[in-house]
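We name chains A, B, ... by the order of the sequence lines, and we start the count at 1 in each one. No hydrogens, no waters, no symmetry mates; every other heavy atom, side chains included, goes into these values.
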Amino acid sequence: MSLTAPKGTRDLLPPQTGVWRQVETCFAETCALFQYGEIRIPTFEYTEVFQHGVGDTTDIVQKEMYTFQDKGGRSLTLRPEGTAGVVRSFIEQGLSSRPYPVKLFYILNLFRYENVQKGRYREFHQLGLEAFGAPGPEIDAEVIALLSLFFERLGLRNICLHLNSLGTAACRQQYNEALRRYYQPHLEELCPDCQRRFEQNPLRLLDCKVAHDHELAQGAPLLFDYLDAESREHFDGVTRLLERWGIPYEIDKRIVRGLDYYSRTVFEFVSENVGTQGTICGGGRYDSLVETLGGQAVPACGFAIGEERLLMEMEAQGVLPSPQSPAGVFIATAEQAAVLPAAGLAQALRRRGISAAVDLCRRSLKAQMKYANRLGLPFSLVLGADELARGEAALRSMADGQEQPVRLDDPDRLAALINSAAPGAK
RNA sequence: GUGGAAUUAGCUCAGUUGGUUAGAGCGCCAGAUUGUGGCUUUGGAGGUCAUGGGUUCGAUUCCCAUAUUCCACCCCA
């Protein structure tokens, strides 16, 4: 038996989990400010949901899915992304009968069978949202405004917003043909990857890092020139709003997004601090996905933030919230006779919302004090024979060692005392 | 799927040009302090030297394979 977590997965332990929770809480609160509600969906779906939703030709479906048969012979897949499952739920639950737009956010763990590198794991986490039923550019811009506010609340700076439009499926197809016409004479010179891209996804040709191919891409036709009038108008609508809010953006004609379902607006937030996987957030509009998966034609828009990458960026910028020391009190017992009163007092304090712990290892008073110190608790409460005889305990401030007697029969007062001093605890 | 580097205590790392009981710092437990943490000091626990083969009188050390970690390609968050 191998006692290691499977490749590409990892354990998250306290106090690190507290940092994650703070980031997730901040996201949920920001979403609530824009009136999004949380959706929770299954960890696995029928495999077709992703085949049709993400697209049969994508890398995700072709080589990255954790697919298995259950005992009933059904083909199931651990979710490699959130959108397809949310759209499946939108259709199945009849959410199109809710008032539009339907605004949903999620915090999910996802699974992709890939080789591990910086900012990429086999199980990873995304903070994301989807908005259904709003056809205009206003929702695209608002979703970006939400992201902008979220990053601001986390204290992040200088995450570059890259913006592009892929147009409709029709003009993208025209453009793909134009690209092929442009590259056809040079087919032999292209790197093997690009020869494959030429067949499968010509848009990716623009993205190649090989020097020669990169040069060639400079002269390639621009997708912008193939946008229909409505897509142009839509795109202008997005940028107009971003400018109104003072949100900086950069038009990046190379961003393409890997998933088949995007149309018109696509965007990324990119950082230089996350290795070569610098995309912290990717999103855009997907007007035909609901229909593709068997629902009505409902336009939609969304994004996903890579939580691991977001945390890396926060660390690089030095804005990671420090893990919080526990608040509350450790009730130390100097005598066996104090164990029962200590247990009673601990529960009385907890009822009053004060975090309290007692010795569970039957250790010496000294060892108990050491324990309380190591946990970083602001207070300990010492119960011994002398104090018990007087109906008291000694409340000790761990920061300065000052002690004061407190009544054992007045937990309300004790709770108030601890609460009033707690905010100062580091 | 491909390529590079790495793997010694819970953590960060020394080390053995192949030789008997493998070390340090931090952390953990306990004592010095018979009712009190942090500083100091003393001691203790904790390692099949990633796993499996091979070479050798002898392998933690050399060789091969595998696993895992880190980084990169593809691609994505």
Side-chain angles (χ1 to χ4, degrees), chain A residues 1-10 13 54 57-64 79-83 107-128 147 191-194 196-197 200-201 204 207-210 255-259 267-271 274-284 302-313 330 332-335 337-338 359 361 363-388 393-403:
Chain A
M1 182 165 96
S2 168
L3 277 181
T4 57
K7 180 172 179 154
T9 69
R10 53 184 188 168
L13 308 173
V54 181
T57 63
T58 60
D59 273 23
I60 291 181
V61 170
Q62 288 191 345
K63 49 183 210 190
E64 296 175 3
R79 56 189 178 207
E81 57 113 48
T83 302
I107 299 170
L108 301 177
N109 57 337
L110 304 168
F111 308 86
R112 291 186 197 171
Y113 187 86
E114 297 183 275
N115 268 341
V116 176
Q117 69 185 83
K118 195 175 183 68
R120 171 185 293 169
Y121 309 96
R122 289 189 170 179
E123 181 182 18
F124 62 104
H125 298 77
Q126 286 185 346
L127 314 170
L147 280 162
C191 71
D193 282 328
C194 278
R196 187 175 44 75
R197 290 174 178 129
Q200 292 180 355
N201 191 353
R204 286 255 163 248
D207 214 8
C208 188
K209 288 167 189 163
V210 175
I255 65 168
V256 164
R257 315 270 62 240
L259 286 58
F267 61 86
E268 293 182 353
F269 281 85
V270 182
S271 149
V274 192
T276 50
Q277 313 301 319
T279 303
I280 289 177
C281 170
F303 66 73
I305 301 166
E307 193 169 4
E308 284 82 0
R309 293 179 187 180
L310 178 68
L311 284 155
M312 274 185 221
E313 177 65 15
F330 184 88
T333 45
E335 329 279 340
D359 172 51
C361 297
R363 284 192 285 213
S364 68
L365 179 61
K366 177 192 172 90
Q368 292 178 51
M369 296 305 291
K370 195 169 177 177
Y371 175 79
N373 182 56
R374 288 311 308 266
L375 290 194
L377 292 171
F379 292 104
S380 61
L381 196 60
V382 182
L383 265 78
D386 300 350
E387 289 86 351
L388 282 176
L395 182 65
R396 180 183 181 92
S397 161
M398 298 302 281
D400 54 17
Q402 293 281 314
E403 289 192 1

Sugar-phosphate, base or nothing in reach of A/G384, heavy atoms under 4.0 Å: base
Nucleotide B/A30, atom P - distance to NZ of A/K370 in whole Å: 7 Å
Euclidean distance, A/E64 CD relative to A/R122 CZ, rounded to 0.5 Å: 10.0 Å
Sugar-phosphate, base or nothing in reach of A/G8, heavy atoms under 4.0 Å: sugar-phosphate
From B/G35, B/C75, B/U33, nucleotide with atom closest to A/A334 side chain: B/G35
Shortest side-chain distance from A/T279, nucleotide among B/A77, B/C75, B/G35: B/A77
Sugar-phosphate, base or nothing in reach of A/A385, heavy atoms under 4.0 Å: base
Sugar-phosphate only, base, or nothing, as touched by A/A399 at under 4.0 Å among non-hydrogen atoms: base
Whole-Å C1' distance, B/G44 and B/G53: 38 Å
From A/I280 atom CD1 to A/L311 atom CG, the distance as rounded to the nearest 0.5 Å: 10.0 Å
Watson-Crick or G-U wobble mate for B/U16, both contacts under 3.5 Å: none
Residue pair A/E114, A/R120: steps toward the salt bridge (charged side-chain N to carboxylate O under 4.0 Å, His left out) verdict: CA-CA 8 Å; A/E114 297 183 275; A/R120 171 185 293 169; 3.6 Å; yes
Nearest-Å distance for atom pair CD1/C1', residues A/I60 and B/A77: 9 Å
Separation of B/U36 P from A/D400 CG (nearest whole Å): 18 Å
Gap between atoms CG and C1', on A/L383 and B/G35 respectively (whole Å): 12 Å
A/I60 and A/P80, any side-chain heavy atoms less than 4.5 Å apart: yes
P atoms of B/A14 and B/U8, separation to the nearest Å: 10 Å
Same-atom distance (P) from B/C62 to B/G1, integer angstrom: 29 Å
Whole-Å distance separating the NE2 atom of A/H125 from the P atom of B/A77: 17 Å
A/L383 side chain reached by A/L388 side chain, heavy atoms, under 4.5 Å: yes
Options B/A72, B/G31, B/G37, nucleotide nearest the side-chain atoms of A/N115: B/A72
Residue A/K63, side-chain heavy atoms: nucleotide from B/A77, B/C74, B/U36 that is nearest: B/C74
Rounded interatomic separation in angstrom, taking OH from A/Y371 and P from B/G37: 17 Å
Short side-chain N/O contact from A/R363 to OP1 or OP2 of B/C29, under 4.0 Å: yes
Ring-on-base stacking B/A77 with A/F124 (under 5.5 Å, under 30°): yes
Pair of N/O donor and acceptor under 3.5 Å linking B/U36 base with A/Q368 side chain: no
Sugar-phosphate, base or nothing in reach of A/G128, heavy atoms under 4.0 Å: nothing
Nearest-nucleotide pick for A/K118, side chain only, options being B/G35, B/C75, B/A72: B/A72
Nearest-nucleotide pick for A/R197, side chain only, options being B/U33, B/C74, B/C70: B/C74
Side-chain N,O (A/Q126) to OP1/OP2 (B/A77) below 4.0 Å: no
Flag if over 12 foreign heavy atoms under 6.0 Å of CZ, A/F124: yes
Touch class at under 4.0 angstrom, heavy-atom based, for A/E114 against every strand present: base
Sugar-phosphate, base or nothing in reach of A/E387, heavy atoms under 4.0 Å: base
Distance, P atom - from B/U7 to B/G15, rounded to whole angstrom: 11 Å
Residue mapping more 5' on RNA chain B - nearest nucleotide basis, A/D386 or A/A304: A/D386
Presence of donor-acceptor pair under 3.5 Å, side chain of A/R374 and base of B/G38: no
Nearest-neighbour nucleotide for the A/V382 side chain, B/U36, B/C73, B/C74 considered: B/U36
A/Q126, A/R79, A/E307 screened by side chain to side chain contact (heavy atoms under 4.5 Å, CB included) with A/N109, the one that passes: A/R79
Gap between atoms CG and C1', on A/L365 and B/G37 respectively (whole Å): 10 Å
Inter-nucleotide C1' distance (B/C28, B/G46), Å rounded: 9 Å
Length of the CG-P vector between A/L375 and B/C28, whole Å: 10 Å
Nearest-angstrom distance, P atom, B/A59 to B/U21: 12 Å
Donor-acceptor pair between A/T9 and A/E123 side chains, under 3.5 angstrom: no
Pairwise side-chain contact, A/E403 with A/L395, heavy-atom cut-off 4.5 Å (strictly under): no
A/N373 side-chain proximity, nearest of B/G38, B/U36, B/A77: B/G38
Upstream residue (5' side of RNA chain B) when A/R122 and A/E403 are each assigned their closest nucleotide: A/E403
Atom P, compared across B/U16 and B/A45: separation rounded to whole Å: 26 Å
Watson-Crick or G-U counterpart of B/U66, or none if no pair lies under 3.5 Å: B/A50
Side chain of A/K366 - closest among B/C75, B/U33, B/U2: B/U33
B/G38 to B/C26 separation - P atoms, rounded to the nearest Å: 14 Å
Nearest to side-chain heavy atoms of A/M369, which nucleotide of B/A77, B/G37, B/G35: B/G37
Watson-Crick or G-U counterpart of B/G1, or none if no pair lies under 3.5 Å: B/C73
B/C74 base / A/R196 side chain donor-acceptor hit below 3.5 Å: no
